Amino acid sequence: MRCIATLTFVGLLAACGEAAYKPRALTEAEAAFQADLMTQLLDAEPGAVITVPAGTHHFDRSLSLTTDDVTLRGAGMGETIL
């Protein structure tokens, strides 16, 4: 039984490989927004509030934040989508 569960898990994991997701190319405006947001995240100090406007924002890489006590504030649930 344990072998079946393991094989099922491995099969599901394999189905989630790189071929399952291919990011689309960003528009010039999306790339500029991504660069600006990444800069704000990298430069953030404790207590900072970073405001993200309404809209669906696409990225072609992950975002990173290494500072504690930073607020990322959008326009509301369903209004700002990352």
Side-chain angles (χ1 to χ4, degrees):
M1 188 63 137
R2 188 174 184 178
C3 182
I4 293 172
T6 302
L7 289 174
T8 301
F9 176 74
V10 170
L12 290 172
L13 193 59
C16 296
E18 288 183 36
Y21 174 74
K22 290 188 179 186
R24 65 172 178 76
L26 297 180
T27 66
E28 191 172 315
E30 290 170 336
F33 177 78
Q34 174 179 277
D36 180 54
L37 183 58
M38 290 176 75
T39 299
Q40 289 182 63
L41 292 171
L42 291 171
D43 293 344
E45 295 185 8
V49 177
I50 299 172
T51 303
V52 182
T56 299
H57 304 284
H58 298 276
F59 303 96
D60 63 359
R61 62 190 60 201
S62 57
L63 301 174
S64 178
L65 178 64
T66 58
T67 304
D68 292 333
D69 193 30
V70 174
T71 301
L72 201 60
R73 181 171 293 144
M77 185 178 274
E79 297 295 319
T80 300
I81 302 167
L82 302 179

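Only a predicted model underlies this, so the values are computations on that prediction, with no experimental measurement involved.
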Report the relative orientation of the aromatic rings in H57 and F33; use parallel for angles under 30°, tilted for 30 to 60°, perpendicular for over 60°.
parallel
For T80 and A54, the nearest pair of non-hydrogen atoms, with its separation, is OG1-CA, 3.5 Å
Pairwise distance CG(L37) to CD1(I50) - rounded to 0.5 angstrom:
6.5 Å
Give me each pair satisfying salt bridge (charged side-chain N to carboxylate O under 4.0 Å, His left out) with a member in residues 66-82, each pair once, sequence neighbours excluded.
none
Heavy-atom pair of closest approach, residues H58 and Q34:
O-OE1, 4.5 Å
Identify the heavy atoms of V70 and A44 that sit nearest to each other, and give their distance.
CG2-CB, 4.0 Å
Measure the CD-CG distance between E28 and L26 for me, rounded to the nearest 0.5 Å.
11.5 Å
Heavy-atom distance under 4.5 Å between the side chains of L65 and L72, does that happen here?
no
Distance (rounded to the nearest 0.5 Å) between L42 CG and T67 OG1
8.5 Å
